[in-house]
There are 2 protein chains.
Amino acid sequence: MPTAHTFFSDYLAAQKLKITPQRMIILQVFLENEGHMSSEELYDEVRRVDESIGQATVYRTLKLLADSGLAKQVDFKEGVARYEQNLGVAHHDHLICERCKKTIEIVDERIERLQEELAVRSGFVLTGHRMDLFGLCAECRRREDV
Amino acid sequence: MPTAHTFFSDYLAAQKLKITPQRMIILQVFLENEGHMSSEELYDEVRRVDESIGQATVYRTLKLLADSGLAKQVDFKEGVARYEQNLGVAHHDHLICERCKKTIEIVDERIERLQEELAVRSGFVLTGHRMDLFGLCAECRRREDV
DNA sequence: TCTCATTTTGATTTTCAATCTCAATTAACG
DNA sequence: CGTTAATTGAGATTGAAAATCAAAATGAGA
Ligand SMILES: [Mn+2]
Ligand SMILES: [Mn+2]
Ligand SMILES: [Zn+2]
Ligand SMILES: [Zn+2]
């Protein structure tokens with residue numbers, strides 16, 4: 001079981017890319033913050049560790065993390081890309097509260113099977129999917145309605 | 001069965017918004033072009049009818065069409081918003097070929113039910129969802145693999 | 001039909017995330 | 001080390017979308 005750092009280093013080496021302190025710090029900070037971070041948010045955290053690291057490097061490294069399989073890009077219709085950890089994390093979809101943005105991870109094997117079936121029926125081979133359920137969480141409903 | 005034009009006029013009146021030639025032309029052109037149009041694409045078509053109509057007005061009107069329920073915004077991860085007709089059009093999701101961008105509209109009642117069930121289980125009330133299946137269509141596979 | 005407050009328009013500027021550019025720096029490999 | 005190719009940070013650039021604003025148009029009422 002390789003650590004994420006080893007995993008990333010291996011990936012970089014395999015791609016003939018360089019292992020730099022910036023990349024390792026960004027990975028480190030990414031791993032420490034669970035959830036669904038935007039590049040901007042990650043940048044803010046990264047600066048605390050090393051304020052000399054630039055925006056562009058965070059953007060670039062986040063792409064590398066996604067390419068390596070360590071991170072996965074998600075989007076919740078906010079106009080910014082978010083990234084979640086993906087190493088050893090099982091596939092899941094999202095249930096998002098439109099009011100407070102709380103995000104719950106969900107999976108339903110039956111849905112996954114039906115998606116496959118639907119694609120096949122149209123002659124497609126599935127490479128991936130995106131399913132986001134939008135709604136109002138219990139707390140927000142309590143506050144909202146009345 | 002009101003026509004789309006009547007529907008839109010009624011909506012505008014109800015919102016105390018004005019019925020303008022620009023809005024009616026944009027609606028007209030939107031209705032004539034089926035599929036999933038971007039604002040840019042719609043703008044190009046609109047110019048043929050009236051070249052004095054501006055970009056901004058197309059953006060603004062497309063939003064109004066969506067607000068009224070005549071149009072629905074969709075996005076296929078291209079970085080541009082697209083709109084499809086929504087008046088009297090049943091809900092559906094999309095199956096998209098990642099290579100040629102061909103888009104097939106799909107629905108599966110069983111999936112819709114399971115989505116509802118999943119949301120309820122987490123205490124949410126669903127307001128909507130987005131499900132996009134990405135893959136390779138039969139033709140593209142034939143060309144691609146070999 | 002005329003008046004006129006309010007809305008809308010087109011041109012333009014602005015925003016904002018994301019990407020690109022480039023000269024200076026640095027990692028990697030022998 | 002020394003060489004070379006990759007990387008960096010700062011700043012410029014992009015592109016979609018939204019905001020601004022003065023001029024024009026709508027439409028409710030007189
Ligand atoms: Mn997640
Ligand atoms: Mn559609
Ligand atoms: Zn909530
Ligand atoms: Zn295809």
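Order of the sequence lines sets the chain letters (A, B, ...), proteins ahead of strands, with each chain counted from 1.
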Can you find a side-chain donor-acceptor pair between A:E105 and A:H36 that sits under 3.5 Å?
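A donor-acceptor contact under 3.5 Å links the two side chains.
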Please check if any side-chain donor atom of A:Q22 sits under 3.5 Å from a side-chain acceptor atom of A:T61, or the reverse.
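The criterion, which ignores hydrogens and geometry beyond distance, is not satisfied for A:T61 and A:Q22.
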5′-ward residue of the pair B:K16/B:I53 relative to DNA chain C
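Whichever sits nearer the 5' end wins; that is B:K16.
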Rounded to whole angstrom units, what separation is found between the [atom1] atom of [X] and the [atom2] atom of [N]?
X: B:L62; N: D:dA17; atom1: CG; atom2: C1'; answer: 12 Å
X: B:M24; N: D:dT26; atom1: CE; atom2: C1'; answer: 12 Å
X: B:L12; N: D:dT26; atom1: CG; atom2: P; answer: 13 Å
X: A:Q55; N: C:dA17; atom1: CD; atom2: P; answer: 9 Å
X: B:R23; N: D:dG27; atom1: CZ; atom2: C1'; answer: 13 Å
X: A:D75; N: D:dA16; atom1: CG; atom2: P; answer: 17 Å
X: B:I25; N: C:dT9; atom1: CD1; atom2: C1'; answer: 13 Å
X: A:L64; N: D:dT7; atom1: CG; atom2: C1'; answer: 11 Å

Does [X] have a side-chain nitrogen or oxygen under 4.0 Å from the phosphate oxygens OP1 or OP2 of [N]?
X: A:R60; N: C:dT19; answer: no
X: B:Y59; N: D:dA18; answer: no
X: A:K63; N: C:dA18; answer: no
X: A:S52; N: D:dT8; answer: no

Nearest-nucleotide wise, let me know which of A:G54 and B:T20 is further upstream toward the 5' end of DNA chain D.
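The answer here is A:G54.
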Please tell me which of B:L17 and A:D50 maps to the more 5' nucleotide of DNA chain D, matching each residue to the nucleotide holding its nearest heavy atom.
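Counting from the 5' end, the first nearest nucleotide belongs to A:D50.
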Any idea which of C:dT6, C:dT26, C:dT9 is nearest the B:K18 side chain?
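Of the options given, the side chain of B:K18 lies nearest C:dT6.
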Check every atom of C:dA18, D:dT26, D:dA16 against the side chain of B:V80 and return the nucleotide holding the closest atom.
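From the listed options, D:dA16 comes nearest.
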Cation over ring face, A:K72 and A:Y83, 6.0 Å, 45°
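No, a cation-pi geometry is absent between A:K72 and A:Y83.
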Would you say the ring centers of B:H94 and A:H129 fall short of 6.0 Å from each other?
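No - the distance between ring centres of B:H94 and A:H129 does not fall below the 6.0 Å cut-off.
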Evaluate the side-chain proximity of B:Q73 to B:E84: yes if any heavy-atom separation is below 4.5 Å, no if none is.
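No, their side chains stay 4.5 Å or more apart.
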Base, sugar-phosphate, or nothing: which does B:S38 touch, judged by heavy atoms less than 4.0 Å apart?
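Counting heavy atoms under 4.0 Å across all strands, no contact is made by B:S38.
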